[in-house]
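Presented below is the structure to which this report refers.
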Amino acid sequence: MISVADLELRVGARLLMDEVNFRIDKGDKIGLVGRNGAGKTTMTKVLAGESQPTAGAVSHKGSIGYLPQDPRTPDMEQLARDRILSARGLDKVISKLEVARAEMASEDSAVAAKAMRRYDRLEAEFMAGGGYAAESQAATICSNLDLPDRILNQPLRTLSGGQRRRVELARILYSDAETLLLDEPTNHLDADSITWLRDFIKNYPGGVLMISHDTGLLDATVNKVLYLDANRAVVDVYNMSWKRYLTQRETDERARKRERANIEKKASTLLAQANKMKARASGASAAQSMLKRVDRMMAGLQEERAAERVAALRFPDPAPCGKTPLMAEGLSKSYGSLEIFTDVSLAIDRGSKVVILGLNGAGKTTLLRMLAGVAEPDSGQIVPGHGLKIGYFAQEHDTLDPEKTVLENMRATAPASLGDADVRSILGSFLFVGDDVAKPAGVLSGGEKTRLALATIVASSANVLLLDEPTNNLDPASRAEVLGALSTFPGAVVMVSHDEGAVTSLNPERVVILPDGDEDLFSEDYLELVSLT
């Protein structure tokens, strides 16, 4: 259980929310919603104990499982299976059991006897942690999140970003924590995994709070909604289902507008009377009282919700280039004995739109990283064409320096000819205004990082965009703006995406299917494969 009392959160001088009060109790399934940058991720970090509020208190009772948007694993050499089992401490116990089992076969009777006694103690510890039933539960979770044994037996460093995020999600779900805090849990999941996750969350006995732009997930699971209103800097609590919340929120907003109109009308009448009475000496005192009453009425009036800010995007004309600005010949990649793909060749023509498809782990992100020049193939080569200028969007925002500010990250990629006013104008179109440009990239939410990474691409005048899940973490309005800008971009786009709407909006001419590297003309028949990849 988590209890929040009079919570206040700020980023610099900017107030995100004030006087926030709510509880997460057993059985609660809570959706935390609001536009990108409103403070959802910041609040979730405070709830998880990873950062401190500006004011107020957060109290915890029981264990917490927290899935951040960009999980960072301390030991990248750890096997994926051990990372998941570590949620209950079983990874170390199993490792010790294997050592004891080997020593029990020793020809030295003393060593064997000591190992047997140690094995008995470890087995008791293993059973206390859930034992074989817990292992079976972990296997079920992994299977439903598309984490087969071949992935679970690999070190984390060999996995794609999407695979590592599914490992972290499996770890949190397996932890059996009393409260789960999940930030965009459906990122990098295919359709079957999302369907399974909905049922898992719906039936989870503990409390769950999640940030998600997946309205299907929210509709299927939540019994309470926290709406973070960025304009009013408050959190409205709705103890109801998702569909009822959508209706009630609009009803509340209409009521606020009516209340404001009525109070403004009364205040205007009082103000007019006070101005008349001020003209008479005998009425000065009464006029002063009326003016104070007007001030009190207006001070207690809630601000009318302003239209929420949306990024207004347009990609600039790309830099000139040759007919085929980017080619790849005979690319191959393996991690140890695990072959990812072999002998993949492709040519990206000027202005072409290409989608890379393939099941999770087929090497889609790896191929994009090679095309972007940030990863080397085991064999084959990248052949840049005349005038090639690449803009690379990494799904884990690897292109951003978390220590640099928003403005410094932009300056690092923008051409020297782009003036400060132009850079700030581009940032403004991506909703980074005022003090926002001085924030370190590391403190941004997932949606804000996505917007900043896209802004750096806009500033670069790239003629080939390599986009790895560009719509992840975006609210619906910002997502629509991004897809609209991409649909009119005259340069080439190579995209990896689970988002059927994003692929449809791009209107690609071709698909490249991994791991074989087969090419085909795009048709609607491939849309079903998009959701499965």
Side-chain angles (χ1 to χ4, degrees), residues 146 160 162 186-195 213-216 313 315 318 321 323-331 333 340-372 385 390-393 395 454 457 462-472 474 476 479-533:
D146 193 22
S160 69
T186 58
N187 279 359
H188 307 295
L189 297 187
D190 59 27
D192 289 341
S193 294
I194 291 174
T195 299
H213 292 117
D214 185 335
T215 55
L313 310 183
F315 287 93
C321 63
K323 182 180 178 182
T324 306
L326 180 62
M327 291 180 289
E329 298 177 351
L331 302 180
K333 187 64 180 179
I340 305 300
F341 53 74
T342 303
D343 196 27
V344 172
S345 299
L346 70 160
I348 306 301
D349 293 329
R350 183 177 56 234
S352 63
K353 305 294 188 288
V354 180
V355 172
I356 299 177
L357 300 179
L359 298 177
N360 286 317
K364 302 186 295 295
T365 292
T366 300
L367 178 58
L368 273 194
R369 286 171 56 83
M370 289 180 184
L371 295 176
I390 285 176
Y392 172 48
F393 178 91
Q395 62 174 261
L454 289 169
I457 291 175
N463 46 39
V464 177
L465 304 186
L466 306 175
L467 307 178
D468 197 353
E469 302 287 359
T471 58
N472 274 359
L474 289 178
R479 172 182 173 275
E481 280 290 327
V482 168
L483 296 182
L486 284 176
S487 67
T488 60
F489 177 62
V493 179
V494 182
M495 184 166 71
V496 170
S497 181
H498 286 82
D499 185 341
E500 288 185 40
V503 172
T504 301
S505 179
L506 183 65
N507 192 24
E509 300 102 19
R510 290 185 296 146
V511 294
V512 176
I513 304 172
L514 294 179
D516 295 331
D518 295 334
E519 289 192 56
D520 194 8
L521 296 175
F522 183 81
S523 71
E524 289 190 359
D525 295 338
Y526 282 109
L527 283 178
E528 184 177 353
L529 182 57
V530 170
S531 66
L532 295 174
T533 60

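In this view, Thr186 satisfies the side chain to side chain donor-acceptor pair (under 3.5 Å) rule with no residue, not counting sequence neighbours. With sequence neighbours excluded, the residues forming a ring-ring contact (aromatic ring centres under 6.0 Å, His included) with Phe489 are Phe315, listed by chain and number. Judged as a side chain to side chain donor-acceptor pair (under 3.5 Å), and not counting sequence neighbours, the contacts of Asp468 are Thr365, Gln395. Here Lys353 pairs with nothing under the salt bridge (Lys or Arg N to Asp or Glu O under 4.0 Å) rule; sequence neighbours left out. Not counting sequence neighbours, the partners of Thr342 by the side-chain contact (heavy atoms from CB on, under 4.5 Å) test are Ser332, Glu339. For Pro325, the side-chain contact (heavy atoms from CB on, under 4.5 Å) partners are Cys321, Arg350, Leu388, Val464, not counting sequence neighbours. Scanning for side-chain contact (heavy atoms from CB on, under 4.5 Å) contacts around Ala480 gives an empty result, with sequence neighbours left out. Residues satisfying the side-chain contact (heavy atoms from CB on, under 4.5 Å) criterion with Thr324, sequence neighbours excluded, are Met327, Ala347, Asp349. By the side chain to side chain donor-acceptor pair (under 3.5 Å) test, Asp214 pairs with no residue at all, sequence neighbours left out. In this structure Ser345 satisfies the side chain to side chain donor-acceptor pair (under 3.5 Å) test with no other residue, sequence neighbours excluded. With sequence neighbours excluded, the residues satisfying salt bridge (Lys or Arg N to Asp or Glu O under 4.0 Å) with Asp499 are Arg479.
A salt bridge (charged side-chain N to carboxylate O under 4.0 Å, His left out) check over residues 502-526, counting only residues at least two apart or in different chains, returns the pairs Arg510-Glu519.
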